[in-house]
Undergrad: 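Below you'll find the structure I mean.
From a predicted model like this one, the values you see are computed outputs, not experimental measurements. Below, read A as the first sequence line, B as the second, and so on, with proteins coming before strands; counting in each chain starts at 1.
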Amino acid sequence: MKKIRSLYEELLEKHGLQGWWPVNNSYKPGDYSTPRNEKERYEVILGTILTQNTSWENAGKALNTLRKEKLIDPEKIMRTEEKKLAGTIKSAGYYNQKARYVKNITEFYDSLKGRTPGREELLGVKGVGKETADSILLYAYKEPVFVVDKYTERLLLREGIISGKENYDEIQRIFTESLEKDYKLFNEFHALIVAEMKK
DNA sequence: AGCCAGGCTACCG
DNA sequence: CGGTAGCATGGC
């Protein structure tokens, strides 16, 4: 197995410390303290839905609108009519689907009562697939879960580490078997992958 | 002007 | 079951 660890060192050398979750946050390189409270946690969770197959810019605009409407609040989202919610997040694309997904994840989030969810129960929420579940665990709950996305797959393809036939869990295992389970490391590694692959 | 952006579900064979 | 159409805006 080509050294995943040395790949990390190379990327860090090339790009420097990045940060965490790039949608609408004044994060600083090397600062992994966010989310600092439940409101920020919930905002990150909304961001994971809004950014599905969508540019961060468009997802960020939708998040800004939600913020302006004071809707970064589970109770308010649940009280907002789905049609209206869809209009509010229009710029994120797929707004009808995502309005439904936002409702679903909000109901689930509320039912947790502050508890950290498991991956399987997250996957039980309609609108939450593997990448979204893992993004929620890593970025909202600081769990040491490696997030696999298009950039991750493209990088491993480029490096000849995978053939392209591997599934999500197999790709994820390549990272978790080679690295200590540290959410800051997983967070930074993924940010570096994006810095490397985003043209 | 068409292609692409950190996916996911439902449905098809 | 593995494969894929549909969902949609905004930036280039």
Side-chain angles (χ1 to χ4, degrees), chain A residues 7-8 11 15 18-25 27 32 34-35 43-66 68-69 82-109 117 119-141 143 145-159 162-172 174-176 183 185-199:
Chain A
L7 187 54
Y8 173 73
L11 293 178
H15 299 284
Q18 299 298 304
W20 72 292
W21 179 250
V23 179
N24 276 43
N25 272 285
Y27 63 91
Y32 310 101
T34 312
E43 181 172 319
V44 171
I45 290 171
L46 293 184
T48 66
I49 299 291
L50 295 176
T51 193
Q52 288 173 356
N53 202 35
T54 299
S55 69
W56 297 326
E57 289 72 22
N58 285 358
K61 281 177 188 168
L63 217 42
N64 278 336
T65 313
L66 287 173
K68 201 184 321 171
E69 306 272 332
E82 198 170 312
K83 272 292 182 189
K84 183 178 185 305
L85 181 57
T88 305
I89 62 174
K90 192 154 177 281
S91 65
Y94 308 120
Y95 46 82
N96 291 314
Q97 271 194 354
K98 285 179 180 177
R100 166 54 52 190
Y101 293 172
V102 162
K103 287 271 193 180
N104 292 346
I105 194 64
T106 299
E107 189 171 6
F108 174 75
Y109 172 76
R119 191 177 196 245
E120 289 310 314
E121 44 179 352
L122 275 169
L123 290 174
V125 178
K126 283 279 183 286
V128 177
K130 289 179 178 180
E131 187 192 331
T132 303
D134 290 343
S135 294
I136 289 172
L137 290 171
L138 178 65
Y139 296 110
Y141 289 95
E143 291 288 307
V145 177
F146 205 93
V147 175
V148 176
D149 61 8
K150 280 183 192 164
Y151 291 144
T152 312
E153 194 168 351
R154 269 184 239 150
L155 176 70
L156 294 194
L157 269 174
R158 190 190 80 183
E159 296 297 316
I162 60 173
S163 70
K165 296 195 296 264
E166 293 79 359
N167 65 31
Y168 187 100
D169 293 329
E170 288 167 336
I171 295 173
Q172 187 178 53
I174 291 172
F175 288 92
T176 51
Y183 87 89
L185 173 61
F186 288 3
N187 179 316
E188 184 59 33
F189 202 156
H190 197 269
L192 286 167
I193 290 173
V194 174
E196 172 72 9
M197 303 307 291
K198 199 171 167 184
K199 71 231 144 274

Undergrad: Of all residues at least two apart in sequence or in a different chain, which pass the side-chain contact (heavy atoms from CB on, under 4.5 Å) check with A/Y95?
TA: A/A86, A/I89, A/K90

Undergrad: Would you say the side-chain atoms of A/E188 and A/Y8 include a donor-acceptor pair closer than 3.5 Å?
TA: no

Undergrad: Taking it one step at a time, do A/H190 and A/V194 satisfy side chain to side chain contact (heavy atoms under 4.5 Å, CB included)?
TA: CA-CA 6 Å; A/H190 197 269; A/V194 174; 3.9 Å; yes

Undergrad: Taking all heavy atoms of A/A92 and all of A/A62, pick out the closest pair and write down the distance.
TA: CB-CB, 3.8 Å

Undergrad: Tell me, yes or no, whether the heavy-atom count around A/E121 atom CD, taken from other residues, nucleotides or ligands under 6.0 Å, exceeds 12.
TA: yes

Undergrad: If I compare all heavy atoms of A/G127 with all of A/Q52, which pair ends up nearest, and what's the gap?
TA: O-NE2, 2.9 Å

Undergrad: Can you give me the N/O atom pairs linking the protein to nucleotides 11-13 of chain B at distances under 3.5 Å, or say none if there are none?
TA:
none

Undergrad: Nearest whole Å is fine: how far is B/dC8 P from A/N167 CG?
TA: 14 Å

Undergrad: Give me the distance, rounded to whole Å, that separates C/dC7 from B/dA1 when you measure between the P atoms they each carry.
TA: 25 Å

Undergrad: Report the distance from atom CG of A/N96 to atom CG of A/L85, rounding to the nearest 0.5 Å.
TA: 10.0 Å

Undergrad: What distance separates A/D149 CG from A/T51 OG1, expressed to the nearest 0.5 Å?
TA: 9.5 Å

Undergrad: Whole Å only: how far is the NZ atom of A/K150 from the P atom of B/dC8?
TA: 11 Å

Undergrad: Counting only pairs under 3.5 Å, give me each side-chain donor-acceptor contact of residues 134-141 of chain A, with atom names and distances, residues two or more places apart or in other chains.
TA:
residue	atom	partner	partner atom	Å
A/D134	OD1	A/R119	NE	2.7
A/D134	OD2	A/R119	NH2	3.0
A/D134	OD2	A/Y168	OH	2.7
A/D134	OD2	A/Q172	NE2	2.8
A/S135	OG	A/E131	O	2.8

Undergrad: With distance as the sole test, does A/K130 use its side chain to make a donor-acceptor pair with the main-chain N or O of A/V148 at under 3.5 Å?
TA: no

Undergrad: Can you tell me how far P of B/dA5 sits from CE of A/M197, to the nearest Å?
TA: 11 Å

Undergrad: Pick from A/V125, A/I105, A/N104, A/T54: which one makes a side chain to side chain contact (heavy atoms under 4.5 Å, CB included) with A/I49?
TA: A/I105

Undergrad: Could you go through nucleotides 2-5 of chain C and list every protein N or O atom that sits under 3.5 Å from one of its N or O atoms, giving the distance for each pair?
TA:
none

Undergrad: I'd like to know if the side chain of A/T106 and the backbone of A/V102 have a donor-acceptor N/O pair within less than 3.5 Å.
TA: yes

Undergrad: Enter the distance from A/F186:CZ to A/Y183:OH here, rounded to the nearest 0.5 Å.
TA: 13.0 Å

Undergrad: Do A/R100 and A/K126 have side chains that approach each other closer than 4.5 Å (heavy atoms only, starting at C-beta)?
TA: no

Undergrad: With sequence neighbours left out, what residues match A/E69 under side-chain contact (heavy atoms from CB on, under 4.5 Å)?
TA: A/T65, A/L71, A/K84, A/T88

Undergrad: Between A/T48 and A/W21, is any pair of side-chain heavy atoms under 4.5 Å apart?
TA: yes

Undergrad: Rounded to the nearest angstrom, tell me the gap between atom CG in A/L50 and atom P in C/dA8.
TA: 13 Å

Undergrad: Could you write out DNA chain B as dot-bracket? Rules: Watson-Crick or G-U wobble, both distances under 3.5 Å, brackets [ ] for crossings, | for pairs with another strand, dot for unpaired.
TA: .||||.|||||||

Undergrad: Name every residue in residues 188-195 of chain A that has at least one heavy atom under 4.0 Å from any atom of DNA chain B, in order of residue number, or write none if there are no such residues.
TA: A/H190

Undergrad: Tell me, please, which residues at least two apart from A/E166 pass side-chain contact (heavy atoms from CB on, under 4.5 Å).
TA: A/I162, A/S163, A/E170, A/I171

Undergrad: Is there a side chain to side chain contact (heavy atoms under 4.5 Å, CB included) between A/L11 and A/I193 once you walk through the steps?
TA: CA-CA 7 Å; A/L11 293 178; A/I193 290 173; 4.3 Å; yes

Undergrad: Write down the distance between NZ (A/K126) and P (B/dC8), rounded to a whole number of angstrom.
TA: 13 Å

Undergrad: 5'-most contact on DNA chain B: A/W20 or A/L123, nearest heavy atom basis?
TA: A/W20

Undergrad: How far, in whole Å, is B/dC11 from C/dA8 if one measures between their P atoms?
TA: 16 Å

Undergrad: Measuring only the P atom in each nucleotide, how far is B/dT9 from C/dG10? A whole number of Å is fine.
TA: 24 Å

Undergrad: Within residues 94-109 of chain A, find the residues that approach DNA chain C with a heavy atom at under 4.0 Å, and present them sorted by residue number.
TA: A/Y94, A/Y95, A/N96, A/Q97

Undergrad: What's touching nucleotides 10-12 of chain C from the protein side, N or O pairs under 3.5 Å?
TA:
residue	atom	partner	partner atom	Å
C/dG10	O4'	A/N58	OD1	3.1
C/dG10	O4'	A/N58	ND2	3.0
C/dG10	O3'	A/K61	NZ	3.3
C/dG11	OP1	A/K61	NZ	2.5

Undergrad: Take atom CZ of A/R154 and atom P of B/dC4, then tell me their distance rounded to the nearest Å.
TA: 10 Å

Undergrad: Taking all non-hydrogen atoms of both residues into account, name the closest pair between A/F175 and A/F146 and its distance.
TA: CD2-CZ, 3.3 Å

Undergrad: Take atom C1' in B/dA5 and the same atom in C/dG3, then report the distance between them in whole Å.
TA: 22 Å

Undergrad: Does anything in residues 129-140 of chain A come within less than 4.0 Å of DNA chain C? Heavy atoms only, and list the residues if so.
TA: none

Undergrad: Determine the minimum heavy-atom distance between A/A191 and A/Q18, stating which atoms define it.
TA: CB-CB, 3.5 Å

Undergrad: Suppose we screen for side-chain contact (heavy atoms from CB on, under 4.5 Å). Which residues come up paired with A/K150, at least two apart in sequence or across chains?
TA: A/N53, A/R154

